[in-house]
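See below for the structure under consideration.
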Amino acid sequence: MEFFDYYEKLFGERWPTLLESLKGEGCATELRFGDGLEPYFLDEASVFAAKALGVEPGDDVLDMCAAPGGKTLVIASMLKGEGSLQSNDRSPDRRLRLQRVIENSLPESWRSVIKVTGYDGMKFGLHKKECFDKILLDAPCSSDRHVLNSPAHLEVWSAKRVKRLSVEQGALLASAVDALKPGGTVVYGTCALSPMENDDVVKKILKKRPAMRFEKIEELLPGADRTEFGVHILPDRSNGRGPIYCAKLVKEK
């Protein structure tokens, strides 16, 4: 099938081991923020990506594609009720789930600074220009682990879809960059395997937006791979974590 041929060409001898590890359920950690609140289980690699944003109390933060809400919880725990967090998702159904997660898993004092919205992420750069200190863009992507474990999605997978998604991801990242204050930080992330959706998207934005520079993420999870611009956490070398790619970009003042 095209899926297997595509990734075998990308990963070569590593692919059989990576493929086998992708068939597992992953490695989740429990997020719990108080007695009587619901725990939330999130892949440790996703926690890592959210923490890479370096949020501090008082920051104005945008989680651009926030549903189902795990990374919003991590960001809220870093804000500690100070500053603001706009948790955005265009899908009404996903937004409802996001709201439930926030209400059920966070203390009220942390929830008070969160605003849930349903805007098109590609419009933030126009309507919220230079408004945010920190932006997390967990971009819609190929979701290869999900595809692999879903026969219906696997049957319709195509390399053309990867290319189409990479164009959408580039537009979302450009919007995020334009919505970022000078001196601000954006973390771009996916759960995709292909460099076309990962480093290639970052490379293009660095060419199109000269005020941006990439910043090395210093402390890595065990087994994570460094790429040209970011970090790729894959389950075959990271004890089931991932796949998660993330890159950190900073706008010059």
Side-chain angles (χ1 to χ4, degrees), residues 3-4 6-7 10-11 14-15 17-29 31 40-53 63-75 87-91 94 97-98 101 121 135-150 152-154 156-159 161-170 172-173 176 186-202 217 220-221 223-227 229-248:
F3 178 93
F4 299 100
Y6 182 88
Y7 288 111
L10 278 178
F11 288 97
R14 184 179 178 180
W15 176 240
T17 306
L18 177 56
L19 174 60
E20 197 60 33
S21 69
L22 289 165
K23 294 176 182 177
E25 290 190 357
C27 180
T29 187
L31 303 178
Y40 189 93
F41 294 89
L42 186 64
D43 190 311
E44 289 182 18
S46 294
V47 176
F48 171 85
K51 287 187 174 181
L53 192 55
D63 189 353
M64 186 180 277
C65 303
K71 294 186 181 72
T72 274
L73 298 184
V74 176
I75 293 170
S87 293
N88 183 77
D89 204 277
R90 190 171 59 177
S91 163
R94 287 169 59 84
R97 185 179 175 193
L98 170 63
V101 166
I135 298 176
L136 177 65
L137 171 55
D138 182 15
C141 69
S142 290
S143 302
D144 299 298
R145 190 170 203 162
H146 172 72
V147 168
L148 180 62
N149 291 288
S150 169
H153 287 92
L154 188 59
V156 298
W157 185 94
S158 71
R161 181 170 180 267
V162 174
K163 187 173 183 179
R164 176 179 61 78
L165 282 166
S166 72
V167 173
E168 292 177 5
Q169 290 154 355
L172 284 167
L173 183 53
V186 58
V187 166
Y188 169 74
T190 77
C191 55
L193 297 175
S194 173
M196 188 180 291
E197 297 185 58
N198 297 331
D199 266 1
D200 289 359
V201 174
V202 174
I217 299 172
L220 303 186
L221 288 175
D225 298 307
R226 288 201 183 276
T227 66
F229 298 110
V231 177
H232 211 184
I233 302 165
L234 297 172
D236 60 326
R237 294 180 180 171
S238 194
N239 296 320
R241 302 180 187 96
I244 289 289
Y245 168 88
C246 60
K248 187 174 183 178

Item checked: Backbone of Ala67 reached by a side-chain donor or acceptor of Asp89 within 3.5 Å -> yes
Note to self: Could you tell me if Tyr7 and Ser194 have a donor-acceptor pair between their side chains, going purely by distance under 3.5 Å?
What the structure shows: no
Check: Which heavy-atom pair separates Cys246 from Val187 by the least distance, and what is that distance?
Finding: CB-CG1, 4.1 Å
Item checked: Under 3.5 Å donor-acceptor, Asp138 side chain and Cys191 backbone -> no
Check: Distance only, no hydrogens: is a donor on one side chain within 3.5 Å (strictly under) of an acceptor on the other, for Ser143 and His146?
Finding: no
Check: Considering only heavy atoms from C-beta outward, does the side chain of Val47 approach that of Lys51 to under 4.5 Å?
Finding: yes
Check: So, Ser238 versus Arg241: side-chain donor-acceptor pair below 3.5 Å or not?
Finding: yes
Check: Short question: side chain of Ser166, backbone of Lys163 - any donor-acceptor pair under 3.5 Å?
Finding: yes
Next item on the list: Quickly, which of Thr190, Asp199, Asn198 forms a side-chain hydrogen bond (donor to acceptor under 3.5 Å, both in side chains) with Tyr245? Name it, please.
Entry: Asp199
Note to self: Any salt bridge linking Asp225 with Arg14? Criterion: basic side-chain nitrogen under 4.0 Å from a carboxylate oxygen.
What the structure shows: yes
Next item on the list: Look only at the side chain of Asn88 and the backbone of Met64, and say whether a donor-acceptor pair between them is shorter than 3.5 Å.
Entry: yes
Notebook entry, point to check: Do the side chain of Gln169 and the main chain of Val201 share a donor and acceptor less than 3.5 angstrom apart?
Noted result: no
Next item on the list: Could you check if a side-chain atom of Phe11 sits within less than 4.5 angstrom of a side-chain atom of Leu19, using non-hydrogen atoms only?
Entry: no
Margin query: side-chain contact (heavy atoms from CB on, under 4.5 Å) for Ile135 and Tyr188? Distances and angles first, verdict last.
Written below: CA-CA 8 Å; Ile135 298 176; Tyr188 169 74; over 6 Å; no
Margin query: Please identify which of these residues, Val231, Val202, Ile217, Leu53, meets the side chain to side chain contact (heavy atoms under 4.5 Å, CB included) condition with Lys248.
Written below: Ile217
